[in-house]
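Notes to accompany the following structure.
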Amino acid sequence: ADWSLVFWTLCSVILPVLITLWCSFQRSRRQVLIRDIFRKSKHDWHYTDLFGQPSYCCVCAQHILQGAFCNCCGLRVSEGCLKKADQLFLCKEIMMRSNGGAHSSMPHHWIRGNVPLCSCCMVCKQQCGTQPKLCDYRCVWCQYTVHDECMMDCLKTEECTFGEFRDLIIPPYYLSTINQMRKDKRTNYEKVVPYCRKHWMPIIILANTRSGNNMGETLKVFDLSKIAPAKALQLCTLLPCNTVRVLVCGGDGTVGWVLDAVDEMKIKGQERYIPQVAILPLGTGNDLSNTLGWGAGYAGEVPVEQILRNVMEADGIKLDRWKVQVTNKGYYNLRKPKVFTMNNYFSIGPDALMALNFHAHREKTPSLFSSRIINKAVYFFYGTKDCLVQECKDLNKKVELELDGERIELPNLEGIIVLNIGYWGGGCRLWEGMGDEPYPLARHDDGLLEVVGVHGSFHCAQIQVKLANPVRLGQAHTVRLILKSSKMPMQVDGEPWAQGPCAVTITHKTRALMLYHSGEQTDDEASS
């Protein structure tokens, strides 16, 4: 009896362990197979544990809760049908060989099932996708939908018009045609459709999947974590001059990265191909996006179609860009000066200290900083800490400030901020403060910098909620700041570092072509 008890006890312990190990082995083996299919496939497959809307497998037509979907063509399949779907269905072709010369065209690319909700049939104008099964067709280019019973042979071979956004789309036959013309040393691109179309303004979308709350994963075309913006922007040289628009999906740092790549195009002599830049704010602060009318943050609340309409209707403006040169004191001037490009602002003091602490912790544990709310909470924590510690006090005794060569007497301060744009600190209009004094609005295209001082982290918080004004030190075309002693935190556009004694000189560098969006226009469209 004792041995029997021991045996069954061991079985009750060991059997669940063995089952768990076997399940774990099978799961890992399955994941390896799935990753292998993803890697070799022309589809942009992604796996999900739960689809956001009723979905049906495009192979077996069964209702599925989890499985894989293609970000490019919209196919949805169960895990068991993934390999078969990858072999059966072609993905959307980004580049395809043209058979018709300059005036090429292409038929619709139909995908069956999982059509968008509230879509209407292009033949009978009735709603599609209403039946609880795999039904109806959708073209992955023009997004038109057709009922199963309305689908005719003529529609399968009909020329695709690319739908509402045909003026933004680069057709897949276009790039191969231009490529062939370059090989043949022909330059009459104006004969190529849609090069010759009057209102064609192709859009290139660059997304940073790591910005803010990682919304770039759902919007990307060029993923900036895999391809540098300078390489992606070379596509502009194959498109008509002065027509291309670039939508940057990311934070202010990502926008600066793309604008640096645009400056490289100028150096290469490609000025006529330089695009205009719009912003979809996915970062934490998004002050440049706010200044240009694109909002303080995007979390998926606006449909992608509306974003594209906003980019189409946006107005072109110019943005001043500034050269920030940091020259270390001592070392017999053997060290090369650090050179930065500034779009938003430069600062020394408490806000740079908060950014420095934030970046140090994000580098250690990047997975914790995947939400805009968490990021702002961490900033709040470090701001509260600085109110108690006051690490940057008596800054006026450590720093000399010159505006256009004129020495400025500094009051008792903990921080100095040099502004190029109207917004600062995640949505605060710093130069205007409470708005109770007749100061002109800060502009981003007047060649002037606004220089203000703050008394500490608590003073910054008061300014942000319009309970205090900044210490306005003046406006200038050139700003020079000399740090005489001790190490102080500095930042340029949210990129912080600790800096010893040095001289900081800020001068005008160039101007960038940007797109400005009016919020009133969006409100009118939404209400209609």
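Here, residue 1 is the first one in the sequence, and each next residue gets the next number.
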Legend entry - Ile170 and Leu235, any side-chain heavy atoms less than 4.5 Å apart: yes
Inset, instruction - Compare every heavy atom of Ile204 with every heavy atom of Cys236, then report the nearest pair and how far apart it is. - result: SG-CD1, 3.8 Å
Inset, instruction - Please list, chain by chain and in numerical order, all residues satisfying ring pair (Phe, Tyr, Trp, His ring centres under 6.0 Å) with Trp141, sequence neighbours excluded. - result: Phe162
Legend entry - Results of ring pair (Phe, Tyr, Trp, His ring centres under 6.0 Å) for Tyr56 - residues two or more places apart only: His63
Inset, instruction - Before giving the answer on side chain to side chain donor-acceptor pair (under 3.5 Å), spell out for Thr505 and Gln325 the whole-Å C-alpha distance, their side-chain angles and the decisive distance to 0.1 Å. - result: CA-CA 5 Å; Thr505 307; Gln325 182 169 302; 5.8 Å; no
Inset, instruction - In sequence, state the C-alpha distance, the side-chain angles, and the governing distance for Arg138 and Val140, and then conclude on side chain to side chain contact (heavy atoms under 4.5 Å, CB included). - result: CA-CA 6 Å; Arg138 173 182 61 89; Val140 298; 4.0 Å; yes
Inset, instruction - Mind checking the CG-CD spacing from Asp315 to Glu313? Nearest 0.5 Å is all I need. - result: 9.5 Å
Legend entry - Donor-acceptor pair, side chain of Ser55 and main chain of Gln53, under 3.5 angstrom: yes
Inset, instruction - With sequence neighbours excluded, tell me which residues meet ring pair (Phe, Tyr, Trp, His ring centres under 6.0 Å) with Tyr144. - result: none
Inset, instruction - Verify, without hydrogens or angle tests, whether Thr145 (side chain) and Cys120 (backbone) share a donor-acceptor contact under 3.5 angstrom. - result: yes
Legend entry - Side chains of Thr510 and Lys266, donor plus acceptor under 3.5 Å: yes
Legend entry - Residue pair Met201 / Val244, side-chain heavy-atom distance below 4.5 Å: no
Legend entry - Euclidean distance, Leu308 CG relative to Arg245 CZ, rounded to 0.5 Å: 12.0 Å
Legend entry - Within residues 162-171 or reaching into it, pairs that qualify as salt bridge (charged side-chain N to carboxylate O under 4.0 Å, His left out) - sequence neighbours excluded: Glu164-Arg309, Asp167-Arg197
Legend entry - Residue pair Glu450 / Asn420, side-chain heavy-atom distance below 4.5 Å: no
Legend entry - Between NE2 on residue His108 and CE on residue Met151, distance to nearest 0.5 Å: 8.5 Å
Inset, instruction - For Trp45 and Asn71, test the side chains for any donor-to-acceptor distance below 3.5 angstrom and give the result as yes or no. - result: no
Legend entry - Main-chain N/O of Leu90 paired to His109 side chain as donor or acceptor, under 3.5 Å: yes
Legend entry - Pairwise distance SG(Cys58) to CG(Leu75) - rounded to 0.5 angstrom: 4.5 Å
Legend entry - Pair Gln276-Asn242, side-chain donor/acceptor within less than 3.5 Å: no
Legend entry - Polar side-chain atom of His43 near backbone of Gly74 as donor-acceptor pair, under 3.5 Å: no
Legend entry - Heavy-atom neighbours of Lys509 NZ exceed 12 at 6.0 Å: yes
Inset, instruction - Verify the distance criterion only: is there a donor paired with an acceptor across the side chains of Asn286 and Tyr298 at less than 3.5 Å? - result: no
Inset, instruction - Start with the C-alpha gap between Val277 and Leu319, add the side-chain angles, then the distance that decides, and say whether side chain to side chain contact (heavy atoms under 4.5 Å, CB included) holds. - result: CA-CA 10 Å; Val277 179; Leu319 171 73; over 6 Å; no
Legend entry - Flag side-chain contact, heavy atom, 4.5 Å: Gln491 against Tyr345: yes
Legend entry - Leu448 side, atom CG; Leu419 side, atom CG - distance, nearest 0.5 Å: 12.5 Å
Inset, instruction - Take Leu224 and Trp257 through the test side chain to side chain contact (heavy atoms under 4.5 Å, CB included) and record every step on the way to the result. - result: CA-CA 10 Å; Leu224 294 181; Trp257 189 18; 3.8 Å; yes
Legend entry - Backbone N/O of Ala442 and side chain of Glu432: donor-acceptor pair under 3.5 Å: yes
Inset, instruction - Of all the heavy-atom pairs spanning Cys81 and Val59, show the shortest one and how long it is. - result: CB-CB, 3.8 Å
Legend entry - Residues Lys83, Asp86: salt bridge by 4.0 Å N-O rule: no
Inset, instruction - Indicate yes or no: at least one non-hydrogen side-chain atom of His444 is less than 4.5 angstrom from one of Ile317. - result: yes
Legend entry - Donor-acceptor under 3.5 Å (Ser41 side chain, Phe38 main chain): no
Inset, instruction - Say whether, by atom type as modelled, one donor and one acceptor occur between the side chain of Gln270 and the main chain of Tyr273 under 3.5 angstrom. - result: no
Legend entry - Taking every non-hydrogen atom, the tightest pair across Gly293 and Tyr516: N-CE1, 4.0 Å
Legend entry - Check against side chain to side chain contact (heavy atoms under 4.5 Å, CB included), Ile307 and Leu280: CA-CA 8 Å; Ile307 293 169; Leu280 186 68; 3.7 Å; yes
Legend entry - Check: Ile178 main-chain N/O paired with Tyr174 side-chain donor or acceptor under 3.5 Å: no
Legend entry - Separation between OG1 of Thr291 and CZ of Arg429, rounded to the nearest 0.5 Å: 6.5 Å
Inset, instruction - Would you name the heavy atoms of Ser176 and Pro172 that are closest together and state the gap between them? - result: OG-O, 4.2 Å
Legend entry - Within-4.5 Å side-chain heavy-atom neighbours: His517 and Leu292: no
Legend entry - Results of ring pair (Phe, Tyr, Trp, His ring centres under 6.0 Å) for His508 - residues two or more places apart only: Trp322
Inset, instruction - Taking the side chain as every heavy atom from C-beta outward, state whether Val324 and Val504 have any atom pair closer than 4.5 Å. - result: yes
Legend entry - Polar contact flag, side-chain donor to acceptor under 3.5 angstrom, Glu79-Tyr47: yes
Legend entry - Side-chain (Asn328) to main-chain (Cys502) donor-acceptor, under 3.5 angstrom: no
Inset, instruction - Not counting sequence neighbours, list each pair that qualifies as a salt bridge (charged side-chain N to carboxylate O under 4.0 Å, His left out) and has a residue in residues 272-282. - result: none
Legend entry - N-O pairing of Asp320 and Arg511 below 4.0 Å: yes
Inset, instruction - Might you work through the ring pair (Phe, Tyr, Trp, His ring centres under 6.0 Å) test for Phe340 and Trp497, ending with a clear yes or no? - result: CA-CA 12 Å; Phe340 304 89; Trp497 74 97; 4.7 Å; yes
Legend entry - Stepwise salt bridge (Lys or Arg N to Asp or Glu O under 4.0 Å) check, Asp260 with Arg321: CA-CA 10 Å; Asp260 288 340; Arg321 304 191 77 212; 2.9 Å; yes
Inset, instruction - Grab the two heavy atoms, one from Leu356 and one from Pro489, that are nearest each other, plus how far apart they are. - result: CD2-CB, 4.3 Å
Inset, instruction - Return the minimal non-hydrogen interatomic distance between Leu288 and Asp252, and the atom names on each side. - result: N-OD2, 3.3 Å
Legend entry - Any Ile34 side-chain heavy atom under 4.5 Å of Leu82 side chain: yes
Inset, instruction - Without swapping roles, check the side chain of Trp110 against the backbone of Val146 for a donor-acceptor pair under 3.5 Å. - result: no
